[in-house]
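All remarks here apply to the structure that follows.
Both counts, for ligands and for their atoms, begin at 1 and track the order of listing.
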Amino acid sequence: MYVRLRTLIPATIAAGAAVASYATVIERNWFALRRHEIPVLPPGSEPLRVLHISDSHLTPGRKRLMSWIRSLDDLDPHLVVSTGDSIAHPQAVTCFLDSLGPLLDRPGVFVLGSNDLHAPTMRNPLRYLLGPSSGIPLKKRAHLPWEKLCSGMTAAGWLDLNNRRGRLTAGGLDIALAGVHDSHIRKARYEEVAGHADPTADLRIGVMHTPEPSTLDQFAADGYDLLLAGHTHGGQVCLPFYGTLITNCGIERARARGLHRHPVGGQAWLHVSAGLGTAPTAPVRFACRPEASLLTLVPRDSG
Ligand SMILES: [Fe+2]
């Protein structure tokens, strides 16, 4: 027994160290481009490429992430949608805007996440896996320059959809949009955008940071065709053959990332990005690579 333990304990420690190194160094920088085709356009429309980015939680040292975000312009998207939690450091606004680079010359829209407003605080990383991250009083977290972040994107022509509606033309299509601020910190004001989405538009998109079921229900009931959200990080640390452990909000584990239908109140599609970064206090990714998504919107089946 003693010999077995003498072998088992070092082996377990070595395996744990290997997994931790993989999760913090390799997978966290192993960016994936996800591609989905979504039938939401009027019959006869040309495909529309939408680049969905989220949750980069950028800090100035993340050069690989910055360079990968910048390379996404090569996908030639017609529209860019950013669903928040873009920064995690007071000096990260310029880094994020530089990372977007040529993407800012394209039509774009954004909402904020809670982490754009408040700097991270040190806490036990395991707490990220134990449930929704609502335990830290916001007044104890330093202010991040979200106003500068917003003005940098709006100066480039992107639409601020924080509790606002918007309208733009992309790829020759007339697109009606609405968005809400982050419900995770009770800043979502759906009543500001409530009402049926314009049925005369070619496409209706609802944008939010946190895919809280009640918010999804409202967008879907108002006739939005496509709902885009982030926040979950896809769980960030997943178990092989089991998947997401936590979603950090009310959505179920099965829809913590990727493309799904939203079953309530309409025929909306939901895409949840697993995000580009990590919670700053838990800089690991396991079985859940950081990602951006290229959504190719195509005509609905006219039959
Ligand atoms: Fe996030």
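Put simply, His209 stays out of reach of the Fe ion (ligand 1), with no N, O or S atom under 2.8 Å from it. For residue His231, no N/O/S atom approaches the Fe ion (ligand 1) to within less than 2.8 Å.
The OD2 atom of Asp55, the Fe ion (ligand 1) and the NE2 atom of His233 define an angle of 90° (nearest 10 degrees).
Within the model, atoms CD of Gln236 and CG of Asp55 stand 9.0 Å from one another, a figure rounded to the nearest 0.5 Å.
Below 30°, between 30° and 60°, or above 60°: for Trp158 and Phe110 the angle between ring planes is between 30° and 60°, a tilted geometry.
Residue Leu228 is not grouped with residue Val180 when hydrophobic side chains (ILVMFWY) are merged at heavy-atom distances under 4.5 angstrom, including chains of intermediate members.
Checked against the Fe ion (ligand 1), the N, O or S atom of Asp85 at the shortest distance is OD2.
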| Would Thr232 and Ile251 count as a side chain to side chain contact (heavy atoms under 4.5 Å, CB included) if you check the C-alpha gap in whole Å, the side-chain angles of each, and the deciding distance to 0.1 Å? | CA-CA 9 Å; Thr232 64; Ile251 200 167; 4.2 Å; yes
